[in-house]
Amino acid sequence: MSQGPAAEPKQYVVAHIRERLARDDRVNDLNIHVQVVGETVFLTGEVETAARRDAVAEVVRELLPDYEVRNQVGVRHLHPPEEAEAL
Amino acid sequence: MAQVAAVADIHFGTDSAGSLRPHLETLPERADLFLLGGDLTRHGDPAEAAVLAEELKDVDMPIAAVLGNHDYHMDREVEIRRMLEDVGVSVLEGESVCFSVHGQELGVAGIKGFGGGFAGACGSDFGEPEMKAYYRHTERLAQQFDEVMQGLRCDIRIALLHYSPIKETLLGERPEIYPWLGSYLFAEAIDRTGADLVLHGHAHGGTEKGVTPGGIPVRNVAQPVIRRPYNVFAIER
């Protein structure tokens with residue numbers, strides 16, 4: 001990215017982050033929510049494992065070394081349904 | 001009565017071993033059939049499919065699946081399909097399969113589907129070659145699905161897709177991306193031919209329950225939506 005934190009419109013920063021999270025094979029996720037406030041990137045949403053959660057932040061930090069990254073992505077825990085839905 | 005378990009968007013990676021199998025050990029006691037609605041792998045790597053195949057191997061119940069867009073990412077979807085079929089999964093791409101369940105025939109018609117949008121706010125076969133190709137692709141798939149549904153002669157009929165046939169189960173996703181999440185053409189095909197249940201995935205931020213314009217129940221079973229290893233549906237006809 002050619003512009004520093006102060007210069008680039010935040011909408012483009014968000015778009016670039018989301019594109020990188022989709023394409024980087026460590027993440028390949030199109031559903032991480034990205035919000036940029038000042039020079040801080042907030043990442044939210046859920047992924048399947050702690051390793052994938054950590055990979056999300058790693059990819060963003062590589063892309064934007066001048067930004068602070070707050071990784072608030074959660075890990076999804078699953079429990080079977082108690083009953084079937086009758087149709 | 002047939003009990004059908006279903007989930008989509010499990011996004012298996014090479015790190016996913018052991019994440020699904022424990023939930024499948026007792027599933028045969030709760031359901032007659034297990035359906036997978038696509039995005040079975042993270043990025044379409046056969047190594048990921050191999051991990052999933054190992055989880056599904058020797059589960060004591062029939063399993064049918066469709067692939068999703070993630071499963072096509074590395075252009076190796078044919079290998080992924082074969083690996084799942086090798087462990088007994090019926091992988092459906094514009095195809096159907098029937099199972100005998102408690103004296104009834106339960107049929108599943110499956111297709112990945114594609115985008116295009118929903119009635120009143122959708123693409124069309126017009127403009128640049130790329131745009132026409134995009135829309136003609138979904139039209140062709142919907143026509144194929146219509147033919148599969150027409151030929152499905154079973155007591156209970158289930159339509160299984162990855163992309164959504166209605167927009168109501170997308171509620172929660174940003175409306176700007178609805179055209180990439182499904183197409184009404186598939187709902188039209190399903191309403192024309194009839195079904196007891198429609199299942200799909202793809203929309204992680206969507207809503208669980210909806211109906212087609214013709215009144216057929218639709219369930220978004222993407223795992224991020226249902227937040228369970230699967231849901232179970234009881235269908236009595």
Quick check - list every chain B-chain A donor-acceptor pair under 3.5 angstrom, one line each.
unit_1, atom_1, unit_2, atom_2, d
B:His11, O, A:Arg52, NH1, 2.9
B:His11, O, A:Arg52, NH2, 3.1
B:Asp15, OD1, A:Arg52, NH2, 3.1
B:Ser16, OG, A:Arg52, NH2, 3.1
B:Arg30, NH1, A:Pro81, O, 2.7
B:Arg30, NH2, A:Pro81, O, 2.8
B:Arg42, NH2, A:Asp25, O, 2.4
B:Arg42, NH2, A:Arg26, O, 3.0
B:His43, ND1, A:Asn28, OD1, 2.6
B:His204, ND1, A:Asn31, ND2, 3.1
B:Arg219, NE, A:Glu85, OE1, 3.0
B:Arg219, NE, A:Glu85, OE2, 3.2
B:Arg219, NH2, A:Glu85, OE2, 2.6
B:Arg227, NH1, A:Glu46, OE1, 2.5
B:Arg227, NH1, A:Glu46, OE2, 3.3
B:Arg227, NH2, A:Glu46, OE2, 2.9
B:Val232, O, A:Glu85, N, 2.8
B:Ala234, N, A:Glu85, O, 2.7
B:Ala234, O, A:Leu87, N, 2.9

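Side chains of B:Ile166 and B:Pro213 form a contact here, defined as non-hydrogen atoms less than 4.5 Å apart. Between B:Phe34 and B:Val59, every side-chain heavy-atom pair lies at or beyond the 4.5 Å cut-off.
Listed here is the closest heavy atom pair of B:Pro179 and B:Ala121: CG-O, 4.5 Å. The two residues B:Met149 and B:Gly194 have their closest heavy-atom pair at CE-O, 3.4 Å.
Remark: aromatic rings of B:Phe114 and B:Tyr134 are close, center separation under 6.0 Å.
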CA sep, side-chain torsions, deciding dist, call: A:Val69, A:Leu64, side chain to side chain contact (heavy atoms under 4.5 Å, CB included): CA-CA 9 Å; A:Val69 177; A:Leu64 299 169; 5.8 Å; no
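Remark: B:Ala8 engages B:Val221 in a side-chain contact (heavy atoms from CB on, under 4.5 Å) (not counting sequence neighbours).
For A:Val27, the part sitting under 4.5 Å from any heavy atom of chain B is the backbone (N, CA, C, O) and nothing else. Both the backbone and the side chain of B:Pro224 come within less than 4.5 Å of a heavy atom in chain A.
Options A:Pro81, A:Ala84, A:Ala86 differ in how many heavy-atom pairs under 4.5 Å they form with chain B, and the most are formed by A:Pro81.
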